[in-house]
Amino acid sequence: MSIRHRELDVSKIEKLTSEQEAQIPVYFERYLNYGLDTSRIDRKKVTPMVAQIYESAGLKAPELILYFDSPASCLLAQGVLQHVTEDKDQLGNQLRNQLIDQLRNQRRNQLWNQLWDQLGDPLRVQLRDQLGGQLGNQLGDQLRNQLWDQLRVQLRDQLGGQLGNQLGDQLRNQLWDQLWDPLGDQLWNQLGDPLRNQLIDQLRNQLGNQLRNQLGDPLRNQLRNQLRNRFRDQLNQNNTWGNLDMFWLGFYAYIHEVLSVEGEVISRFKIFHDFSKEVGLWFPYKDVCIISQKPTEIHMHNDRLHHDGGPAIKFADGYSLWALSGIRVSQEIAETPADKMQYQMIDDEQNTEIRRLLLAKYGEGRYLMDSGAQETHRDKYGILYRREFEDDEPLVMVRVENSTPEPDGTNRPYFLRVDPNVKTAHEAVASTFGLTAEEYDPVVET
Amino acid sequence: MQRQGDVLIIDVDEIPEDAEEMKRDDLDRIVLADGEATGHAHVIRGRQVRAYQTATAIYLAVVQQSILEHLTRENIPTKEHDGIPLTPGKKMVVRQVEYTPQGVRRVED
């Protein structure tokens, strides 16, 4: 009672000393670099840490730790493991045996190689011989119950409660603004989020093709549909993001190390922190922990994920993500040199963000000139352009600027196609919201 | 009338009777629009707003002042759009559309 009472009475830290203030950019840099690290995992160092993490959350250490070169491979391996060991009704015995045979026979393939090599003999034999039996049920359960909630979410909540609450509101907001959000903007907004979205979008296509090459058609189709839903479910949850989690771990590391704020949760925090620093995205299950390597390449420009001419994030197994100015794009858009682009590519692109990037890459002036567009009206809302065609209705577009400036102070321009009958830029912008010019007059724009 | 990117918020007198209440997402947010290419969404986290949906529009009943934010799934603000305050009252949310000769279609970002 008395201890609790004293804890409640601890006065909050309200202000930073100048020394503490000076450490903010130091921590920012340090944790940004952890998140951008591209080194290979030191398995000897990391493997024992997995047991520590589980045990620190009161869980039994996993029996099996699997490493793969990319999160995509992790998810595929997870999906395959799960499907060979459960869903008996959906995946008949014959199909299952066929899959296992193929798994075994296609060892030249890197993914299967990695998976097969790591399973260890007992599990391999069981997988092959006792599918649908005891092991199948066990592994099914293990792979269904993700532990991220117990490992990551609980920890984050406790850190917020025990450490965060020892800071005054103003100071917490200051640190939030100067550490959490800027680190999160780089590590999560630029890396984690695009990666998550791409994994969801593309796994079903890319891995569907991979499966087609390795498995027969009937198997592939069944697996593909089942895997697609599973990937989405998995990645929609708050996964354990390894070194990309450093944005919030850095925030609490600063509070603990620089402000000397203590809490019961600190020992658990340190274990999670030290492990996360070493690995990429990881998938904790009851008895199996699947860990991805970090990328081998990350390209940033002006704090945005960006690589004109190649992948912006690349993993050792070739899994890649292409991005321009922080927006995920196709390989074709990222890798086609500007002088090889046709302006029709811009006209044909339906996504306005991607159209904007294409336009920036192609050059706005060059686009207007090449496409033969004429400026017909201009006001504070934008600029109206018109292009006549001999055999089609005119193309009328309004050029608008995003109201929130970019980090470099410029405003991103967008082109939106409007009804060819509009006469003014104001009317054009209003029409994109289904309004007349008289009706459209926002007081706040961001 | 307020605007955050491709979302326009207009004050209205009434919310249509046939509008159905929208569910909050798995992160307990009201999602007004979700960016396809970016994964960034126009969302309201505050619990003092109720959202309703018809076939064509979303309506908001703002009980206490709340913020319309532009966030990622980690709830970190994007650099694309600043948050805007929503004053108490009834609002209609209009998504931006683009003209095509075949008819208008929703702007995707």
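By convention in this document, chain letters (A, B, ...) are assigned in the order of the sequence lines, proteins followed by strands, and residues within each chain are numbered from 1. Keep in mind the model is a prediction, meaning the values are calculated, not measured.
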| task | For the residue pair B/Arg73 and A/Asp193, establish whether any side-chain heavy-atom pair is separated by less than 4.5 Å. | result | yes
| request: Answer yes or no: is there an ion pair linking B/Arg3 with A/Glu445, defined by an N-O contact shorter than 4.0 Å? | output: yes
| message | Please check if the number of heavy atoms outside A/Gln344 that lie under 6.0 Å from its CD is greater than 12. | response | yes
| said: Closer than 4.0 angstrom, basic N to acidic O: yes or no for B/Glu80 and A/Arg304? | reply: no
| remark: Tightest non-hydrogen contact, residues B/Gly83 and A/Thr446, listed as O-CG2, 4.2 Å
| task | Could you tell me which portion of B/Ile10 (side chain, backbone, both or neither) has an atom closer than 4.5 angstrom to a non-hydrogen atom of chain A? | result | side chain
| query | Is the number of heavy atoms from other residues, nucleotides or ligands within 6.0 Å of CD (B/Glu21) greater than 12? | reply | yes
| query | For A/Ser431, is it the side chain, the backbone, both or neither that has a heavy atom under 4.5 Å from a heavy atom of chain B? | reply | backbone
| query | What part of B/Ile84 gets closer than 4.5 Å to chain A, counting heavy atoms only: side chain, backbone, both or neither? | reply | side chain
| message | Under 4.5 Å from any heavy atom of chain A, what part of B/Val7 do you find: side chain, backbone, both or neither? | response | backbone
| Region of A/Gln350 that comes under 4.5 Å of a non-hydrogen atom in chain B | both
| By a 4.5 Å heavy-atom criterion (distance strictly below it), what part of A/Leu395 contacts chain B: side chain, backbone, both, or neither? | neither
| field | Side-chain touch B/Thr72/A/Arg196, heavy atoms, less than 4.5 angstrom | value | no
| request: Mind ranking A/Asp392, A/Asp303, A/Val398, A/Asp419 by heavy-atom pairs under 4.5 Å with chain B and telling me who comes out on top? | output: A/Asp419
| query | Hey, does A/Asn402 have a side-chain heavy atom less than 4.5 Å from the side chain of B/His81? | reply | yes
| Pairwise distance CG(B/Leu8) to OG1(A/Thr432) - rounded to 0.5 angstrom | 8.5 Å
| message | Out of A/Met397, A/Arg356, A/Arg412, return the one with the most heavy atom pairs under 4.5 angstrom to chain B. | response | A/Arg412
| How long is the gap from CG on A/Asn189 to NZ on B/Lys79, to the nearest 0.5 Å? | 8.0 Å
| query | After noting the C-alpha distance and the side-chain angles of B/Ile76 and A/Phe247, does the key distance pass the side chain to side chain contact (heavy atoms under 4.5 Å, CB included) rule? | reply | CA-CA 11 Å; B/Ile76 295 162; A/Phe247 74 87; 3.6 Å; yes
| Does B/Glu98 come within less than 4.0 Å of A/Arg355, counting only side-chain N to carboxylate O? | yes
| said: Quick check on the interface: out of A/Trp188, A/Trp248, A/Tyr440, who has the most heavy-atom pairs with chain B under 4.5 Å? | reply: A/Trp188
| said: Please identify, among B/Gln2, B/Gln4, B/Gln96, the residue contributing the most non-hydrogen atom pairs under 4.5 Å to chain A. | reply: B/Gln96
